[in-house]
Amino acid sequence: MSVDQVHRFVFSGFGYRCRVVPNPAPRTEPVVVIGGAFQNMYSYRRLEGPWAEAATVVCVDLPGSGGADALPAAYGFDFLTDVLADLLDRLGLGRVNLYAVSYAVPVAYLLARRHPHHLARLALMGAAPIYPPEELKGLEAMAEALASGDAEGYARRSVRALMAPSGRPVRNRAAVTRLLARDMAAVEGDGFQRHHASTRRVIDWPGLPAGGLAGIPTLCFTGEHDTLTRPDLGRDVAARIEDSVFTLVRETDHLPALERHREVSELLLRFFTDQPLDTLDFLTPLERPSRARFDVTVGAASGGH
């Protein structure tokens, strides 16, 4: 069994770190994981076993996340993209399979735009081109609780914002609700400022840049009952990426990696090793929304002929 290697680096005065699980005989390019706003480089241990059998796995704490340095909200996703590019240059991994979750989606998308040579494949979970006003209300409520130092209120509002209403079928709902509420209620000390800065970074985000992506095989997915980055928002992002695949994980919401971790692990392993996805019964039918957008654009340009 490979021993984890932890590396620490500094970029523009901010420390960050990564955990590397080396594979001396990989079947695909290294898998690089950048998690959600309140996750760290150990958050995907339950999923990474199958990936580590096929590739070197790198889990990252960018500034503001996990054990990396705190990052003021004034530093946006552009800065975090530069940090990720710095990491990939330092590690010298060549092209990688990049998996970005929710908060990390803008970072991965910008990296694909600016440094496509780094990417073999791209997987985006919980993507949105921009957060609509209704979804921002939940994030604003979380930020207010953090600003006032109300850990219990932050936990309640986080569950409300990140999980689907009780009437929708979600696997392992009770256990995931307890886990999420426990972790958020445990915030203390400078954790309030760190979580507040990350939440404000999302609220203040202007959205994805105009234009799309091409030349990078991409999977976009979320839970079928996701109420934060709703399926229509993820579909919109997929439509901007040439020949991308879009699908939903059944009976999950914004937290499919917690609610159905084995299934999400298998989905990503298959995608990163070029295996078919259409036989996975926990997914909705695969869609390719960029093809529809491209057809409409071509039709308009040719006058419909």
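Because the structure is a prediction, the values reported are computed rather than measured. We're numbering straight along the sequence, starting at 1.
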4.5 Å side-chain heavy-atom contact, [X] and [Y]:
{"X": "V58", "Y": "V31", "answer": "no"}
{"X": "V6", "Y": "M41", "answer": "yes"}
{"X": "F77", "Y": "P206", "answer": "no"}
{"X": "L87", "Y": "F11", "answer": "no"}
{"X": "L88", "Y": "L111", "answer": "yes"}
{"X": "P63", "Y": "L80", "answer": "yes"}
{"X": "S290", "Y": "I241", "answer": "no"}
{"X": "D82", "Y": "R114", "answer": "yes"}

Closer than 3.5 angstrom, by distance alone: can the side chain of [X] be matched with the main-chain N or O of [Y] as a donor-acceptor pair?
{"X": "D61", "Y": "Y16", "answer": "no"}
{"X": "T218", "Y": "S244", "answer": "no"}
{"X": "R173", "Y": "A164", "answer": "yes"}

Exercise. Applying the side chain to side chain contact (heavy atoms under 4.5 Å, CB included) test to L219, which of L286, L122, L277 qualifies?
Worked result: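 Of all the options given, the one that passes is L277.
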Using 4.0 Å as the upper bound for N to carboxylate O, is an ion pair formed by [Y] and [X]?
{"X": "R121", "Y": "E29", "answer": "yes"}
{"X": "E134", "Y": "K137", "answer": "yes"}
{"X": "R19", "Y": "E48", "answer": "yes"}
{"X": "E224", "Y": "R168", "answer": "no"}
{"X": "E266", "Y": "R262", "answer": "no"}
{"X": "E242", "Y": "R288", "answer": "no"}

Quick one: pull up [atom1] in [X] and [atom2] in [Y] and give me the separation to the nearest 0.5 Å.
{"X": "Q275", "Y": "L280", "atom1": "CD", "atom2": "CG", "result": "9.0 Å"}
{"X": "D86", "Y": "H115", "atom1": "CG", "atom2": "NE2", "result": "10.0 Å"}
{"X": "E152", "Y": "R157", "atom1": "CD", "atom2": "CZ", "result": "12.0 Å"}
{"X": "R194", "Y": "D69", "atom1": "CZ", "atom2": "CG", "result": "7.5 Å"}
{"X": "M163", "Y": "L255", "atom1": "CE", "atom2": "CG", "result": "6.0 Å"}
{"X": "C59", "Y": "R17", "atom1": "SG", "atom2": "CZ", "result": "11.0 Å"}

Exercise. How about R46: does its CZ atom have over 12 heavy atoms from other parts shown lying under 6.0 Å from it?
Worked result: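 Not more than 12 within 6.0 Å, no.
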Exercise. What do you reckon, is OH of Y75 surrounded by more than 12 foreign heavy atoms closer than 6.0 Å?
Worked result: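 Incorrect, the count does not exceed 12.
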For this session: Would you please classify the geometry between the Y99 ring and the Y44 ring as parallel, tilted or perpendicular, with 30° and 60° separating the classes?
Result: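 Ring orientation, 0 to 90° scale: perpendicular.
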Exercise. How are the rings of H7 and F9 set to each other: parallel, tilted or perpendicular (split at 30° and 60°)?
Worked result: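 H7 and F9: parallel rings.
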Are [X] and [Y] linked, directly or through other ILVMFWY residues, by side chains that come within less than 4.5 angstrom of each other?
{"X": "L139", "Y": "M125", "answer": "no"}
{"X": "L93", "Y": "V33", "answer": "no"}
{"X": "L258", "Y": "M184", "answer": "yes"}

For this session: Step by step, work out the salt bridge (Lys or Arg N to Asp or Glu O under 4.0 Å) result for E135 and R230.
Result: CA-CA 9 Å; E135 282 66 32; R230 303 186 315 261; 3.0 Å; yes
Problem set entry | Which residues share a ring-ring contact (aromatic ring centres under 6.0 Å, His included) with H195, sequence neighbours left out |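 F38, Y154.
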